[in-house]
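Computed from a prediction, not measured in an experiment: that's the story for all the values here. The figures here come from the full heavy-atom set of this structure, side chains too, leaving out hydrogens, waters and symmetry mates. Numbers here simply count residues along the sequence, with the first being 1.
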Amino acid sequence: MSQNDYIILTNNPLVFEKLADTHNVVYKDISYEELLKEVRDRIHEGHSLLSHPLSGSVKPKETPYKSVMISKRKGEVDQRSLSLIENAIQACGKFEDKTGKFEQKVYEDFQLIDWTLLDSGLASADAW
């Protein structure tokens, strides 16, 4: 798989800063849950999930940042991807939104955690 085979959807400014010049990155200044819904909309258009929407140990809505890899190529609606993203959106709704309750340094840490998770996925994807 090459960088031309996938799209990264993110609300993480660090991911956009690091990858905008080399990868197909769609950055949106939206909430974690809204990002998952954006991914769901893309799946309905025929894209497939390439990374899990709930990867990592930080709970949804505790961190405001999320980056998800999807296929660039469209096909039939991938039912597995659709099920995963719908379950992730439901899980997100179970947690209290903690956005705005931390100091800036904590948000920088959350950005770094999301970046690190994505970076490990990129290494695997680019190795194919």
Side-chain angles (χ1 to χ4, degrees):
M1 183 177 299
S2 77
Q3 295 167 356
N4 295 324
D5 293 331
Y6 57 82
I7 301 167
I8 300 164
L9 295 170
T10 188
N11 66 352
N12 184 344
L14 179 63
V15 167
F16 183 72
E17 176 186 315
K18 289 187 173 282
L19 298 177
D21 293 336
T22 58
H23 290 72
N24 189 349
V25 180
V26 176
Y27 172 80
K28 297 207 173 206
D29 187 15
I30 56 179
S31 72
Y32 187 110
E33 189 169 359
E34 289 170 325
L35 184 83
L36 294 180
K37 289 177 179 178
E38 175 74 21
V39 171
R40 179 199 56 205
D41 292 347
R42 301 280 182 123
I43 292 169
H44 279 290
E45 293 172 0
H47 298 278
S48 298
L49 280 173
L50 299 177
S51 65
H52 198 286
L54 294 179
S55 60
S57 61
V58 181
K59 295 180 185 86
K61 292 190 177 176
E62 186 168 281
T63 178
Y65 304 109
K66 189 65 195 165
S67 300
V68 179
M69 292 174 57
I70 62 171
S71 66
K72 186 172 183 180
R73 188 175 53 85
K74 294 181 188 180
E76 295 293 317
V77 174
D78 179 31
Q79 293 303 315
R80 183 173 178 277
S81 292
L82 189 57
S83 178
L84 281 169
I85 197 65
E86 290 290 356
N87 288 337
I89 293 167
Q90 278 187 328
C92 194
K94 295 177 184 179
F95 293 94
E96 175 189 351
D97 188 354
K98 296 186 178 179
T99 305
K101 296 188 178 188
F102 301 108
E103 295 179 19
Q104 182 59 35
K105 176 67 176 127
V106 175
Y107 290 104
E108 291 168 9
D109 290 343
F110 284 144
Q111 288 177 19
L112 184 60
I113 291 167
D114 179 59
W115 161 247
T116 303
L117 289 168
L118 178 67
D119 191 39
S120 67
L122 291 174
S124 295
D126 293 342
W128 279 71

Taking every heavy atom of Thr22 against every heavy atom of Lys18, the minimum-distance pair comes out as OG1-O, 4.3 Å
Would you kindly confirm whether Phe95 and Tyr65 end up in one hydrophobic cluster when ILVMFWY residues are joined by side chain heavy atoms under 4.5 Å apart? no
Anything under 3.5 Å between a donor and an acceptor, one on a side chain of residues 76-88, the other on a protein residue two or more places apart or in another chain? List them.
{"from": "Asp78", "atom 1": "OD2", "to": "Ser81", "atom 2": "N", "distance (Å)": "3.3"}
{"from": "Asp78", "atom 1": "OD2", "to": "Ser81", "atom 2": "OG", "distance (Å)": "2.4"}
{"from": "Ser81", "atom 1": "OG", "to": "Leu49", "atom 2": "N", "distance (Å)": "2.9"}
{"from": "Asn87", "atom 1": "ND2", "to": "Ser83", "atom 2": "O", "distance (Å)": "3.2"}

Counting only N and O atoms by type, is there a donor-acceptor contact under 3.5 Å from the side chain of Ser48 to the main-chain atoms of Ser71? no
From CD (Glu33) to CD (Gln90), nearest 0.5 Å: 10.5 Å
If I take atom NZ from residue Lys66 and atom CG from residue Leu9, how far apart are they, to the nearest 0.5 angstrom? 12.0 Å
Are Asp109 and Lys105 ion-paired here, with the side-chain N under 4.0 Å from a carboxylate O? yes
If you count every heavy atom of other residues, nucleotides or ligands that lies below 6.0 Å from Glu103 atom CD, does the total exceed 12? no
Hey, what do you get for CZ (Arg42) to CD (Glu38), rounding to the nearest 0.5 Å? 5.0 Å
Close side-chain approach of Glu96 and Lys101, heavy atoms under 4.5 Å: yes
Side-chain donor-acceptor contacts of residues 113-121 below 3.5 Å, not counting sequence neighbours, with atom names and distances?
{"from": "Asp114", "atom 1": "OD1", "to": "Ser67", "atom 2": "N", "distance (Å)": "3.0"}
{"from": "Asp114", "atom 1": "OD2", "to": "Asn12", "atom 2": "ND2", "distance (Å)": "2.9"}
{"from": "Asp114", "atom 1": "OD2", "to": "Ser67", "atom 2": "OG", "distance (Å)": "2.6"}
{"from": "Thr116", "atom 1": "OG1", "to": "Leu112", "atom 2": "O", "distance (Å)": "2.8"}
{"from": "Ser120", "atom 1": "OG", "to": "Leu117", "atom 2": "O", "distance (Å)": "2.8"}

Between Thr10 and Leu19, does the side-chain contact (heavy atoms from CB on, under 4.5 Å) criterion hold? Intermediate values first, please. CA-CA 11 Å; Thr10 188; Leu19 298 177; over 6 Å; no
Where do Lys72 and Asn24 come nearest, in terms of heavy atoms and distance? CE-ND2, 3.9 Å
Does Leu122 reach the side chain of Met69, with side-chain heavy atoms less than 4.5 Å apart? yes
Residues in side chain to side chain contact (heavy atoms under 4.5 Å, CB included) with Glu62, at least two apart? Val58, Lys59, Lys98, Phe102, Phe110
Would you call Arg73 and Asp5 a side-chain contact if the rule is heavy atoms closer than 4.5 Å? no
Considering all heavy atoms of both residues, which atom of Pro13 and which atom of Tyr27 are nearest to each other, and what is their separation? N-CE1, 3.6 Å
Does any non-hydrogen side-chain atom of Lys28 lie less than 4.5 Å from one of Asn11? no
Any side-chain heavy-atom pair of Val39 and Pro53 under 4.5 Å: no
